[in-house]
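First up is the structure itself, then whatever we jot down about it.
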Amino acid sequence: MRALVISDLHSNAEALRSVLAHVRRKKFDHVVCLGDFVGYGAQPNQVLDTMRMFKGAKKVYIRGNHDRVAAGLDDAEGFNTAAKAAALWTREHLSPANRRFLRDLPLGPLVKESVQFCHGSPHDEDEYVFNGHHAAAVFSGSDEKFILYGHTHMPVIFALDEHGYVEGAAIRGDATLRLSRSHRYLINPGSVGQPRDRNPEASFIIFDTKALTVQFFRVPYDVKKTQASIRGAGLPRILADRLALGT
Ligand SMILES: [Fe+2]
């Protein structure tokens, strides 16, 4: 499998457009989205139309916690005020086709070709995996060589070696990593639509199980345009402000 893996798009059509333009000439046979297509931003239909109609690669899509709430499958309890406002706004503004698409997204984990895909962690779509201790627990609860997850909006890789030792690295900027045949990996591509590692550029990976490589990318996009759409929709201003800071 050679996959374009994106996550946490959060209704940011400008960021998604920039990512897809960047990979236009790159080869991949799967396109994976690890959830949170919507929420926070004001362009849910543009993002969902693009992802629904994506052609040229097999789609592996799972839902995230914001998708669950925006689809009306859950209330927004546990969300902060701004996230709740955006989720409820999204619910009101989805086209019928996109509402159906969101509602029918599978809950992770999904497994394809020794790769497990999930939003938060394999057994909890709301769980945040930030550190090595937590990563070790996730490895012990799964049998797959590769686990790809999102939700934290932080590009990171954890490796488990043959002695049970876990090492983690936050990825800054573009990087190509070679993976070991004898290790297992937990990889987060970061967020397309709302990065939180103080770098506002959209984050994603191309992941190759045959060549054993993972390439991390950051691409700039028109942040001001996305901010204007959020303010224009009357969503809380903090959602726009955070985009320029990458927080
Ligand atoms: Fe998210």
Side-chain angles (χ1 to χ4, degrees), residues 5-16 19 32-44 46-48 50-51 60-71 73-91 94 98 101-102 105-110 117-130 134 138 147-156 170-171 186-205 216 218 221 223 226-227 229-230 235-236 238-247:
V5 185
I6 59 180
S7 189
D8 296 277
L9 283 55
H10 285 297
S11 295
N12 188 337
E14 309 310 323
L16 178 60
V19 168
V32 176
C33 180
L34 301 172
D36 282 0
F37 291 74
V38 302
Y40 297 134
Q43 301 165 312
Q46 292 94 315
V47 164
L48 291 170
T50 302
M51 294 303 289
V60 181
Y61 293 171
I62 57 173
R63 79 172 192 202
N65 53 318
H66 287 255
D67 304 325
R68 183 180 77 221
V69 174
L73 296 168
D74 197 2
D75 59 30
E77 218 173 291
F79 276 18
N80 64 43
T81 316
K84 184 175 182 173
L88 300 181
W89 180 93
T90 304
R91 218 184 258 182
L94 287 172
N98 286 332
F101 170 83
L102 268 193
L105 278 172
L107 165 66
L110 290 185
F117 304 99
C118 57
H119 183 62
S121 77
H123 302 294
D124 184 352
E125 79 182 338
D126 293 287
E127 188 176 0
Y128 291 94
V129 179
F130 281 119
H134 207 153
V138 172
I147 306 163
L148 302 189
Y149 74 105
H151 194 44
T152 64
H153 300 206
M154 301 281 200
V156 66
I171 309 297
L186 186 53
I187 303 169
N188 190 320
S191 168
V192 169
Q194 208 215 52
R196 286 188 194 148
D197 57 349
R198 301 194 174 277
N199 176 353
E201 297 186 344
S203 184
F204 65 97
I205 62 172
F216 286 82
R218 297 307 280 259
Y221 72 93
V223 174
T226 297
Q227 289 179 312
S229 73
I230 291 172
L235 289 171
I238 189 171
L239 296 172
D241 297 343
R242 289 176 71 172
L243 289 175
L245 304 168
T247 59

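All heavy atoms count here, side chains included; hydrogens, waters and symmetry mates do not. All values derive from a computational prediction rather than experimental measurement. Each ligand, and each atom within it, is numbered from 1 in the order the structure gives.
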Notebook entry, point to check: Which is the closest N/O/S atom of Asp8 when seen from the Fe ion (ligand 1)?
Noted result: OD1
Check: So which N/O/S atom does Asp36 have closest to the Fe ion (ligand 1)?
Finding: OD2
Note to self: Using a distance threshold of 2.8 Å, state whether an N, O or S atom of His10 lies below it from the Fe ion (ligand 1).
What the structure shows: yes
Notebook entry, point to check: Near the Fe ion (ligand 1), is there an N/O/S atom from His151 that is less than 2.8 Å away?
Noted result: no
Check: His151 pairs by side chain to side chain contact (heavy atoms under 4.5 Å, CB included) with which of Asn188, Val129, Asn65?
Finding: Asn65
Check: Is there a side-chain contact between Leu34 and Asp8 (heavy atoms, below 4.5 Å)?
Finding: no
Notebook entry, point to check: Does CD1 belonging to Ile238 count more than 12 external heavy atoms closer than 6.0 Å?
Noted result: no
Check: Which atom pair, heavy atoms only, marks the closest approach of Pro195 to Pro200?
Finding: CG-O, 3.7 Å
